[in-house]
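Lettering follows sequence order; numbering is per chain, from 1.
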There are 2 protein chains.
Amino acid sequence: MATIKDIAKAAGVSVTTVSRALNGYGDVNEKTRKHIEETAKKLNYSPNAVARSLVMNKSRTIGLLVSELNRSGAKDMFTYEVMCGINDAASDVGYDLILFSTNTVKQKQKSYTQLCRERQVEGVIMQGIKKDDPYIKEVIDSNIPCVFVDVELEGDNVGFVTTDNVFGAQMAVKHLINLGHRHIAMVNGHDKAEVSQKRLKGYMKELQEAELPVKEDYVLNGGFLESKAESAAYNFLKTNRQVTAVFCASDLMALGVMRAARRLELNIPEDLSIVGFDDIVLSQYTSPPLTTIGQDKYQMGYEAAKLLTSMLTGKKSPHKKAVLDNQLLLRETTAPPK
Amino acid sequence: MATIKDIAKAAGVSVTTVSRALNGYGDVNEKTRKHIEETAKKLNYSPNAVARSLVMNKSRTIGLLVSELNRSGAKDMFTYEVMCGINDAASDVGYDLILFSTNTVKQKQKSYTQLCRERQVEGVIMQGIKKDDPYIKEVIDSNIPCVFVDVELEGDNVGFVTTDNVFGAQMAVKHLINLGHRHIAMVNGHDKAEVSQKRLKGYMKELQEAELPVKEDYVLNGGFLESKAESAAYNFLKTNRQVTAVFCASDLMALGVMRAARRLELNIPEDLSIVGFDDIVLSQYTSPPLTTIGQDKYQMGYEAAKLLTSMLTGKKSPHKKAVLDNQLLLRETTAPPK
DNA sequence: TCCACCTCCCAAAACGTTTCGGATCATTTG
DNA sequence: CAAATGATCCGAAACGTTTTGGGAGGTGGA
C-alpha cells in the first residue's frame with residue numbers, strides 16, 4: 001500500500017518528481033529517476049489506478065454488456081467465444097474489462113448509462129442485443145463510445161462488427177441448389193434480430209438468382225430456440241413432403257430440425273438435407289455432423305475491441321465497422337435429393 | 001456529468017448535506033432531502049464511483065481471474081457457466097466484476113497482485129488454475145480475499161468451492177459395478193489438478209469397497225484432452241479386451257474414449273460402458289448420449305461469489321468453503337457387460 | 001556584466017466523493 | 001432562567017494521483 005508520497009519521502013524528492021519519473025517524462029535527471037525507481041521497487045509500490053482515473057478522467061476500462069449472460073447461452077458458445085476475443089484485444093492495449101450484468105430487474109432501478117458513467121468506463125461493447133432493445137437508443141443518446149456485435153448501427157461514437165450474413169446465407173442455399181434441391185425451406189430466428197433479417201435476405205436472393213420460386217410459407221419461425229424450431233419444422237415437414245432441404249438461421253435451430261426429422265422418420269441427409277449457421281461446437285458432434293456456415297466468433301470479439309479502442313484513442317479511423325467473412329463448412333447433413 | 005457540487009449549488013446547500021441526503025443519513029430534514037433528490041434528478045446526476053472508491057478505499061469490485069480465457073475452453077462450457085453464476089451472485093449484492101486476462105506473457109511484466117491492487121479490487125475469484133500455479137502462492141501471500149473454484153485451499157482470507165469429487169467418482173464406479181462390470185479402467189486428467197486426485201481416489205475407494213483389485217495400469221493419463229484420451233484409450237483397449245467399462249475424469253475425455261472405441265469397433269454400450277464427469281452440454285448430444293456425473297457449474301459460481309462477498313462484508317462465517325453435491329445422470333453409454 | 005536559456009526540480013491545485021468535528025438554533029429539562 | 005438536548009446543517013480535510021506554472025542554479029553568448 002505504498003503511495004507515491006511514501007516514495008517521495010523515502011527518496012528525498014517531491015511527489016511531482018516521483019510521478020514524472022515513474023511516467024517517463026523527460027525533465028528528470030537520469031540518476032534521480034533510477035533512484036526513484038529503485039525505492040519504488042523496494043517499497044513494493046503499485047500505482048493506484050482509481051486515483052489516477054479520478055484525476056485523469058480516464059479509467060482504461062471498457063464495459064461489456066451482454067444482454068443475457070446466463071445458462072441458456074451455454075449451448076451456443078457464441079457469447080463466450082466473442083468474449084475471449086474481446087478480452088484478448090483489450091488486454092493487448094492495456095484496457096481492462098468490466099462486466100455489466102443486465103437482467104431486466106436491475107435495468108429498472110439503474111439505467112445502462114448510469115452504470116457506465118458511475119464506473120467511468122471509456123466505452124462499451126454490446127452483445128446479444130435485439131434491435132428494438134431500449135438500451136440501444138439510450139447508448140446512442142449518451143455519447144459514450146460503443147460498438148455493437150451483430151447490430152448494424154453506425155454513428156459518431158458508434159460502430160459495429162458483424163459477419164456477412166447475407167452472403168453466408170447465400171452460400172448455404174447455393175450449396176443446396178447445387179446439390180439439386182428445388183424445394184428449400186428456411187427456419188428463421190425472431191425478426192427483431194438483425195442477423196435474421198440478413199439471413200432471410202440471403203436466402204431469398206439466392207433462390208431468385210437460381211430462378212426458383214420464393215414461397216412465403218416456406219419460411220418458418222424458430223425463434224432461435226431448439227424446441228420451437230423442432231415443433232415448427234415438425235408441423236411443416238409433416239405436410240410438405242416435397243421439401244428436401246432446410247436452411248436454418250442458427251445451428252441450435254438446426255438441431256431442432258434434426259430432431260423433428262427423426263420423429264418423422266426422415267433420414268438425414270438422404271431424405272432431408274440441413275444446413276445450419278454459426279458453427280457452434282455442438283455441430284461437430286451431432287450425428288450426422290452438421291453442415292453449416294462458420295463464423296469466427298473469436299475474431300468478431302477481437303475486432304470489436306480493436307475498433308473500440310481505436311475509437312477511444314482518437315485515431316480517426318474512417319471506417320467504424322468491420323464485416324468479417326464466413327465460410328461454408330461441409331459436413332454430413334447435406335446430400336443430393338433422392 | 002453533474003457533480004455533487006453542482007447539486008449543492010443548485011439546491012442551495014452544502015456538499016456535505018447533499019452527500020448525506022443522497023446516502024440516506026438521518027440527520028437531514030425530510031424536506032431538504034426531497035428537494036435535493038429532485039434537483040439531483042433534474043441535473044441527471046449519477047455518482048462517480050471512482051471518486052467514491054478513492055475516499056472509501058472500497059471499490060465494490062471483485063476480480064475474476066481465469067487461467068485460460070480462450071477458445072479451448074469453448075468445448076466444455078465450464079468456465080462460462082461458472083462465470084454466469086458468479087455474475088448473478090455478485091450483481092445481487094451490488095458488486096461489479098472485472099475481468100483479469102492472464103496470459104503468461106503479461107504475467108511476466110505485471111504480477112497478479114499488482115493487477116488487483118492497481119484496480120483496488122476487494123477480492124478475487126480464481127478459476128481453472130492448477131495446484132502448482134505460482135499465482136496461488138502469490139494470492140495467499142498478498143492478503144487479498146480470495147476464493148478458488150476447485151482448488152481446496154483454506155485460510156484467513158482464502159476459501160473455496162468445489163463439488164464432492166470423491167463421492168462423485170464413487171457413484172460412477174458403483175453404477176458400473178452394479179451393472180456387473182469387473183474390469184473397470186479409468187482415464188484421468190493431469191495429476192496436478194485437484195479434481196483428478198479426488199476422482200482417482202473415489203475410483204480406487206469404490207473398487208476396494210467392492211473388493212475388486214485396483215490395478216495401476218488400469219489408470220490411464222488423458223490430460224483432460226479429448227485427443228490424448230483417445231490415443232491412450234485406443235492403445236489400452238486394443239490389448240486389454242477383458243476391460244468392459246471405462247470411467248473418465250471428464251466428459252471431454254469420455255468423448256475421446258468413445259472415439260477410440262469406434263475405431264476398435266467396440267459397440268457402446270454393448271461392448272464397452274463409459275461414464276464421464278462434468279455433464280457438459282455436448283454429452284447430451286453424442287450418440288449414444290453420455291452417462292455422466294453432473295456438476296452444477298452455475299451453482300458453483302454462484303456459491304463462490306456469495307462466499308467471497310460474505311467474506312468481504314466481514315460476516316464472520318465460520319465455513320470458508322462450500323462443497324456441492326453432484327449426481328449420476330443415467331444416459332445411454334452404460335449397460336451390463338456381455 | 002547582463003540576459004537568455006537550459007536542466008532539474010517543486011508547491012499547490014485539481015478530480016468528486018465521504019466524514020469528522022463542530023456550529024446554530026429551537027426545544028425541553030431541572 | 002440556565003443548562004442540556006436534539007435537529008439540521010456546514011467547513012475542511014482526506015483519499016492518491018496528475019499537471020500547471022513556475023523557481024533555482026548553471027551555462028553560454030553578447
Side-chain angles (χ1 to χ4, degrees), chain A residues 1-37 39-40 43-61 94 96 113-122, chain B residues 1-37 39-40 43-61 94 96 113-122:
Chain A
M1 311 295 134
T3 78
I4 216 175
K5 274 185 200 164
D6 301 326
I7 300 178
K9 206 174 294 175
V13 295
S14 77
V15 293
T16 309
T17 310
V18 177
S19 174
R20 300 185 75 79
L22 260 28
N23 288 309
Y25 280 72
D27 65 345
V28 32
N29 190 326
E30 204 52 40
K31 235 172 68 185
T32 58
R33 179 197 307 282
K34 275 269 156 51
H35 180 215
I36 287 172
E37 275 167 356
T39 54
L43 295 181
N44 194 18
Y45 169 76
S46 58
N48 184 329
V50 173
R52 180 181 289 158
S53 293
L54 180 61
V55 61
M56 307 235 295
N57 221 358
K58 300 237 161 157
S59 60
R60 283 203 93 72
T61 298
D96 280 330
T113 328
Q114 275 178 311
L115 277 176
C116 292
R117 291 205 328 213
E118 280 189 16
R119 287 292 183 174
Q120 302 276 105
V121 304
E122 296 187 32
Chain B
M1 312 297 134
T3 78
I4 215 175
K5 274 187 199 163
D6 301 326
I7 299 178
K9 205 174 294 174
V13 294
S14 78
V15 292
T16 309
T17 309
V18 176
S19 174
R20 300 185 75 78
L22 260 27
N23 288 308
Y25 280 73
D27 65 345
V28 32
N29 191 324
E30 204 52 40
K31 236 171 69 184
T32 57
R33 180 198 305 282
K34 276 267 157 53
H35 180 216
I36 288 172
E37 275 168 356
T39 53
L43 295 181
N44 193 18
Y45 169 76
S46 59
N48 184 329
V50 174
R52 179 181 289 160
S53 293
L54 181 60
V55 60
M56 307 236 294
N57 220 358
K58 300 237 162 158
S59 58
R60 283 203 92 72
T61 297
D96 281 330
T113 328
Q114 274 178 312
L115 277 177
C116 292
R117 292 205 328 214
E118 281 188 15
R119 286 293 182 172
Q120 302 277 106
V121 304
E122 296 187 32

Student: Using only atom types and a distance under 3.5 Å, with no angle test, would you say the side chain of Ser59(B) pairs donor to acceptor with the backbone of Gln120(B)?
Tutor: yes
Student: Select one nucleotide: of dT17(C), dC9(C), dC10(D), the one nearest the side-chain heavy atoms of Lys5(B).
Tutor: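 From the listed options, dT17(C) comes nearest.
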Student: Run Leu54(B) and Asn48(A) through side-chain contact (heavy atoms from CB on, under 4.5 Å) and show every step you take.
Tutor: CA-CA 9 Å; Leu54(B) 181 60; Asn48(A) 184 329; 4.3 Å; yes
Student: Mind listing the residues from residues 47-57 of chain A sitting with a heavy atom below 4.0 Å of DNA chain D? Number order is fine.
Tutor: Pro47(A), Asn48(A), Ala51(A), Arg52(A), Val55(A), Met56(A)
Student: Please tell me if Ser14(A) has a side-chain N or O lying less than 4.0 Å from either OP1 or OP2 of dC10(C).
Tutor: yes
Student: Just the rounded figure in Å: distance from C1' of dG22(D) to CG of Asp27(A).
Tutor: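 The answer, rounded to whole Å, is 12 Å.
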Student: Is Thr32(B) near enough to dC9(D) that one of its side-chain N or O atoms lies under 4.0 angstrom from OP1 or OP2?
Tutor: yes
Student: Check this one for me: any side-chain N or O of Tyr25(A) less than 4.0 Å away from OP1 or OP2 of dC8(C)?
Tutor: no
Student: Return the minimal non-hydrogen interatomic distance between Ala11(A) and Ile36(A), and the atom names on each side.
Tutor: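 Smallest interatomic distance, heavy atoms only, reads CB-CG1, 4.4 Å.
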Student: Hey, is the side chain of Thr16(B) poking within less than 4.0 Å of OP1 or OP2 on dG11(D), counting only N and O atoms?
Tutor: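 The answer is no; no side-chain N or O of Thr16(B) sits under 4.0 Å from OP1 or OP2.
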Student: Within less than 4.0 Å of OP1 or OP2 of dT19(C), is there a side-chain N or O belonging to Ser19(B)?
Tutor: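 Ser19(B) to dT19(C) OP1/OP2: no side-chain N or O under 4.0 Å.
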Student: Nearest heavy-atom pair of Leu22(B) and Tyr45(B): which atoms, and what distance?
Tutor: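 Closest heavy-atom pair between Leu22(B) and Tyr45(B): CD2-CE2, 3.8 Å.
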Student: Set out, in order, the CA-CA distance, both residues' side-chain angles and the distance that settles salt bridge (Lys or Arg N to Asp or Glu O under 4.0 Å) for Glu37(B) and Lys34(B), then state yes or no.
Tutor: CA-CA 5 Å; Glu37(B) 275 168 356; Lys34(B) 276 267 157 53; 5.8 Å; no
Student: How close or far is atom C1' of dC15(D) from atom CG of Asp6(A), stated in whole angstroms?
Tutor: 13 Å
Student: Could you tell me how far apart His35(A) (NE2) and dC8(C) (C1') are, to the nearest whole angstrom?
Tutor: 16 Å
Student: Nearest 0.5 angstrom please: Arg52(A) CZ to Asn23(A) CG, how far?
Tutor: 6.0 Å
Student: In whole Å, I'd like the distance from the CD1 atom of Ile4(A) to the P atom of dT19(D).
Tutor: 11 Å
Student: Rounded to whole angstroms, how far apart are CZ on Arg33(B) and P on dC9(D)?
Tutor: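 So the two atoms are 10 Å apart, to the nearest Å.
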Student: Expressed in angstrom and rounded to an integer, what is the separation of Lys9(A) atom NZ from dC10(C) atom C1'?
Tutor: 16 Å
Student: Between Ser53(A) and Val50(B), what is the shortest heavy-atom contact and its length?
Tutor: CB-CG1, 3.8 Å
Student: Provide, to the nearest angstrom, the distance between the CD atom belonging to Gln120(A) and the P atom belonging to dT17(D).
Tutor: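 About 18 Å, once rounded to whole Å.
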Student: With distance as the sole criterion, do the side chain of Asn29(A) and the base of dC9(C) form a donor-acceptor contact below 3.5 Å?
Tutor: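 Counting by modelled atom types and ignoring angles, no donor-acceptor contact under 3.5 Å is found here.
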Student: Whole-Å distance between dA11(C) C1' and Arg20(A) CZ?
Tutor: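 Atom CZ in Arg20(A) sits about 13 Å away from atom C1' in dA11(C).
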